[in-house]
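For the numbers below, each heavy atom of this structure counts, side chains included, while hydrogens, waters and symmetry mates do not. In the text below, chain A, chain B and the rest are named by the order of the sequence lines, each starting its count at 1.
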Protein chains: 2
Amino acid sequence: MSGPIRRSWKDVRDHIHRRVLDGTYRPGDKLPRDEDIAETLGCARSTVQRAMQDLSDAGIVERKRKGGTHVRVDPVSRATLDIPITRREVEARGATYSYHLAQRRLAQTPRSIVTTLALSAPEEMLHVQALHLSDRRPYIYEDRWVSTRTAPEILDVDLSRFSANEWLVRNKPYSRYDLRLYAIAAEAAEAVQLDVEQGAALLVIERTTWIGDLPITTVRSVTTPGYQLLAQNGE
Amino acid sequence: MSGPIRRSWKDVRDHIHRRVLDGTYRPGDKLPRDEDIAETLGCARSTVQRAMQDLSDAGIVERKRKGGTHVRVDPVSRATLDIPITRREVEARGATYSYHLAQRRLAQTPRSIVTTLALSAPEEMLHVQALHLSDRRPYIYEDRWVSTRTAPEILDVDLSRFSANEWLVRNKPYSRYDLRLYAIAAEAAEAVQLDVEQGAALLVIERTTWIGDLPITTVRSVTTPGYQLLAQNGE
DNA sequence: AATGTTTATATGTAGGTACATAATATTGTC
DNA sequence: GACAATATTATGTACCTACATATAAACATT
């Protein structure tokens, strides 16, 4: 149907995608081999390959050597979350960002942190608690542990002026991370810091980063009520 | 330093990535042009291009025509969340999945749904409320609206036996979606359905899908206490 | 029938060439 | 100096060829 005169790999991708969307190819169906599609659409196989790679990344199709390309049976909803530096996030919404350091001290990591960071034993790390504010109102409360072994320079940073969040993200690239999202009821300490009622439902974003096998930091960011994480995709 | 004998694009990618990680290239720095990197590493430019594309997708570098390639100044934490079919999720953890339809009726969309789906005016849709269970215990409570205009076939599906979640994801591919994550305190209705105390902190996953401009469905999935969304990345 | 081995084949990758495109840098004009 | 037109250049895309790799399918062996 749709003309044989196609060019870019995005056209090819959209062409195939459309056929999945309109039911020409249904979940589980096998698609023609790249070469045949290329011939049908009048383009090179490499162009089809590029298009298919994208559809595969997007979770639309599955490809296997020799096995061919199939429309995914259980399409997962694949969402890409971008978690920006908190200051940027606040400023992007036109609000004034500010920051308050609540605690900074060296301490032995408790068991929970040992587990999270996959340490072999407790060790001394920098424990930082800080509040990010948007228009002078509490926005995110972060409880962070930073490895002084992996990131010793953090000890020289004036954390009362610059957030560890920002310094780390700019100066300590990581090679691996975990992200964990869940809800908690505000406990006494958090309720006070965030100025919310005890028991309020709050979204927590927990992030842990490593460089190679070395732990850099783990942070538990407790957001204020109403906070939403958004992801969009498509078109 | 690292030998000039490199081959695959993944090697090239890792090589560059390593140099970002070890500080050879710092945030904001400009990288050599693809051609020079290709020459240095002894590979074709297309191989470097492939590697750079991947680093760009991962949010490590930014590329601009004529402008060259730069290490991102504000590295965002980019996480890919896969949200599977609920049944699969439960079964993957070795639990027994079951499902209970709580309500199914045609109704006018309330204002909030009109907004979410970007409708021009309220219209009649299928309103479904259902409970997903894991080992006979409440797991996720979903409140869903399905467009009978875009997906009329849903009216013929026996929703007391098959979840709308599964039917839709298998039969109604979408071209665009929104994802929204936040925390709520359980209200009376939810507390009863999920068998939790009123006021308990719950993670909510809200998903809306369209095909082109046509709304398919919007669902508000309220998870049980302790539910976590995970994303991992790297190495 | 169950198991191991070989073969065929679709995708994956690398190399090379040519041209397209966008955006910066330069030049020209007032 | 300000601004518009033009040239330059790094990335992006397309096409082709050749070979690598995984694995489904066919075949052989117990």
How many Å lie between CG on B/D11 and C1' on C/dT13, as a whole number? 12 Å
Please identify each residue that fulfils salt bridge (Lys or Arg N to Asp or Glu O under 4.0 Å) with B/D57, with sequence neighbours left out. none
Would you please name every residue forming a side chain to side chain contact (heavy atoms under 4.5 Å, CB included) with A/A44, sequence neighbours left out? A/S46, A/T47
With respect to the phosphate group of C/dT13, does any side-chain polar atom (N or O) of B/S46 fall under 4.0 Å of OP1 or OP2? no
Taking OP1 and OP2 of C/dT11, is either one under 4.0 Å from a side-chain nitrogen or oxygen of A/Q49? no
Between C/dA10 and A/R63, is there an OP1 or OP2 to side-chain N/O distance shorter than 4.0 Å? no
Among A/Y227, A/Y97, A/Y139, which residue meets the ring-ring contact (aromatic ring centres under 6.0 Å, His included) test with A/H132? A/Y97
May I ask you to verify if any side-chain N or O of B/T47 is less than 4.0 angstrom from the OP1 or OP2 atom of C/dG15? yes
If I take atom CG in residue A/D54 and atom P in nucleotide D/dG12, what distance separates them, rounded to the nearest angstrom? 14 Å
Strand-adjacent residues in residues 26-37 of chain A, judged by heavy atoms under 4.0 Å from DNA chain C: A/R33, A/D34
Enumerate the residue pairs fulfilling ring pair (Phe, Tyr, Trp, His ring centres under 6.0 Å) with a member in residues 141-160 of chain A, sequence neighbours excluded, ordered by first and then second residue. A/H127-A/W145
Once salt bridge (Lys or Arg N to Asp or Glu O under 4.0 Å) is applied, do any residues pair with B/E89, and if so which ones, sequence neighbours excluded? none
Which protein N or O atoms sit under 3.5 Å from an N or O of nucleotides 18-23 of chain C?
residue : atom : partner : partner atom : Å
C/dT21  : O2   : B/R65   : NE           : 3.1
C/dA23  : O4'  : B/R65   : O            : 3.4

Partners meeting salt bridge (Lys or Arg N to Asp or Glu O under 4.0 Å) with A/D54 (sequence neighbours left out): A/R13
What pairs with A/V71 under side chain to side chain contact (heavy atoms under 4.5 Å, CB included), at least two apart in sequence or on another chain? A/V20, A/Y25, A/L31
Rounded to the Å, how far apart are A/H70 NE2 and C/dA10 C1'? 11 Å
B/K10 NZ to D/dA20 P, in whole Å, measures 18 Å
With sequence neighbours left out, write down each residue that passes salt bridge (Lys or Arg N to Asp or Glu O under 4.0 Å) with B/R220, or none if nothing qualifies. B/E190
If I take atom CD in residue B/Q53 and atom C1' in nucleotide D/dT11, what distance separates them, rounded to the nearest angstrom? 9 Å
Is A/D34 paired with A/R63 through a side-chain N to carboxylate O contact shorter than 4.0 Å? yes
